[in-house]
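See structure below.
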Amino acid sequence: MAVYDFSVGVFRSEYPAFEDETKYPDAMITAAFTSAETYFHNDDASIYPYDPPHNYFRKYLLDRATCHLLYMASLPVDQVGRVASASQGSVSTSFDLPKSGNSAAAEFWNRTNCGMQVWLMLAPYRLGGRIYLSNHVHPWG
């Protein structure tokens, strides 16, 4: 498989929310992409396929992860969870904190539209196998 060669210009054209070069300088976008690479690896040994022109999965995954990380970086520093409700008179805001029973990864990725797409794209990679320690396997798993 090939290595995805990231281009800030192409990224800006595909994600117009990040067109503003003063708010999102090239270095910031490149840094977000580098962070995304640490999550999903962009090398020949990566488990996520990238074989142009037949398969662009890793490109879509890395681009959406970069979009997610850029959006998260634009949030206020002290904001921990999603905004659950807001008021204007007497200014009130409440945040929906991560649920302890859910996956921490799901809570992280589902905070943005791009992140939710990443989480959905990764569904086939989250499925685990089963280990049977007996010769008698239950018929329903």
Side-chain angles (χ1 to χ4, degrees), residues 1-135 137-141:
M1 286 187 281
V3 173
Y4 169 49
D5 187 24
F6 182 73
S7 166
V8 173
V10 172
F11 179 81
R12 287 186 195 277
S13 67
E14 292 177 354
Y15 295 87
F18 304 106
E19 284 180 341
D20 185 354
E21 293 183 23
T22 56
K23 186 174 180 182
Y24 300 102
D26 290 357
M28 183 180 189
I29 293 175
T30 303
F33 178 77
T34 303
S35 293
E37 283 182 308
T38 63
Y39 286 107
F40 304 115
H41 305 286
N42 185 21
D43 55 26
D44 290 333
S46 176
I47 63 170
Y48 308 108
Y50 180 69
D51 184 25
H54 308 292
N55 191 327
Y56 292 95
F57 182 84
R58 192 181 327 142
K59 174 202 182 315
Y60 300 140
L61 182 67
L62 287 169
D63 283 352
R64 282 166 179 77
T66 301
C67 167
H68 172 75
L69 294 170
L70 284 169
Y71 180 78
M72 295 294 287
S74 70
L75 294 175
V77 177
D78 295 333
Q79 183 175 332
V80 176
R82 292 180 285 205
V83 175
S85 66
S87 303
Q88 192 169 3
S90 290
V91 185
S92 174
T93 306
S94 65
F95 296 96
D96 182 22
L97 298 176
K99 313 292 186 284
S100 60
N102 293 339
S103 164
E107 292 288 339
F108 172 75
W109 290 111
N110 285 319
R111 290 185 64 188
T112 68
N113 186 22
C114 289
M116 189 176 298
Q117 291 175 36
V118 167
W119 187 248
L120 292 173
M121 290 172 73
L122 292 175
Y125 297 93
R126 284 195 308 273
L127 299 176
R130 294 183 182 173
I131 298 174
Y132 296 102
L133 302 175
S134 168
N135 292 336
V137 179
H138 194 277
W140 297 289

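For residues 113-123, the set of pairs meeting the salt bridge (Lys or Arg N to Asp or Glu O under 4.0 Å) definition, not counting sequence neighbours, is empty. Residue pairs meeting the disulfide bond (SG atoms under 2.5 Å apart) criterion with at least one member in residues 7-46: none, sequence neighbours excluded. The list of salt bridge (Lys or Arg N to Asp or Glu O under 4.0 Å) pairs with a residue in residues 18-41, not counting sequence neighbours, reads Arg12-Asp26. Screening residues 27-59 for disulfide bond (SG atoms under 2.5 Å apart), with sequence neighbours left out, gives no hits. Sorted by first and then second residue, the disulfide bond (SG atoms under 2.5 Å apart) pairs with a member in residues 23-65 form an empty list; sequence neighbours excluded.
Taking the centre of each ring, Tyr24 and Phe11 stay at or above the 6.0 Å mark.
Partners of Glu14 by salt bridge (Lys or Arg N to Asp or Glu O under 4.0 Å), not counting sequence neighbours, listed by chain and number: Lys59. Legend: residues meeting side-chain contact (heavy atoms from CB on, under 4.5 Å) with Ser7, ordered by chain and number and at least two apart, are Val10. Looking at residues two or more places apart in sequence or on another chain, you find a side-chain contact (heavy atoms from CB on, under 4.5 Å) between Tyr60 and Tyr56, Arg64, Met121. Taking the ring pair (Phe, Tyr, Trp, His ring centres under 6.0 Å) definition, one finds that Phe40 meets it with Tyr48, Trp109, sequence neighbours left out. Applying the side-chain contact (heavy atoms from CB on, under 4.5 Å) criterion to Thr30, with sequence neighbours excluded, gives Val8, Thr34.
When every heavy atom of Ala36 is checked against every heavy atom of Thr66, the shortest pair comes out as CB-OG1, 3.8 Å. Counting all heavy atoms, side chain and backbone alike, Asp44 lies closest to Val3 at OD1-CG2, 3.9 Å. Between His68 and Gly115 the shortest heavy-atom distance is ND1-CA, 3.5 Å. Heavy-atom minimum distance, Ala2 versus Arg58: O-NH1, 2.9 Å. Listed here is the closest heavy atom pair of Leu69 and Ala32: CD1-O, 3.6 Å.
More than 12 heavy-atom neighbours from other residues, nucleotides or ligands sit within 6.0 angstrom of OH on Tyr15.
Inter-residue side-chain proximity for Asn113 and Tyr71 is flagged as unmet; no heavy-atom pair is nearer than 4.5 Å.
With rounding to the nearest 0.5 angstrom, the CZ atom of Phe18 is 5.0 Å from the CG atom of Leu70. To the nearest 0.5 Å, atom CZ of residue Phe57 and atom CG of residue Leu62 are 9.5 Å apart. We find the CZ-OG1 distance between Phe33 and Thr38 to be 10.5 Å, quoted to the nearest 0.5 Å.
The closest donor-acceptor contact from the side chain of Asn110 to the backbone of Ala106 lies under 3.5 Å.
Under 3.5 Å, the side chains of Tyr50 and Asn42 contain no donor-acceptor pair of N or O atoms.
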Q) Can you list the steps and then say if Tyr39 with Leu61 is a side-chain contact (heavy atoms from CB on, under 4.5 Å)? A) CA-CA 10 Å; Tyr39 286 107; Leu61 182 67; over 6 Å; no
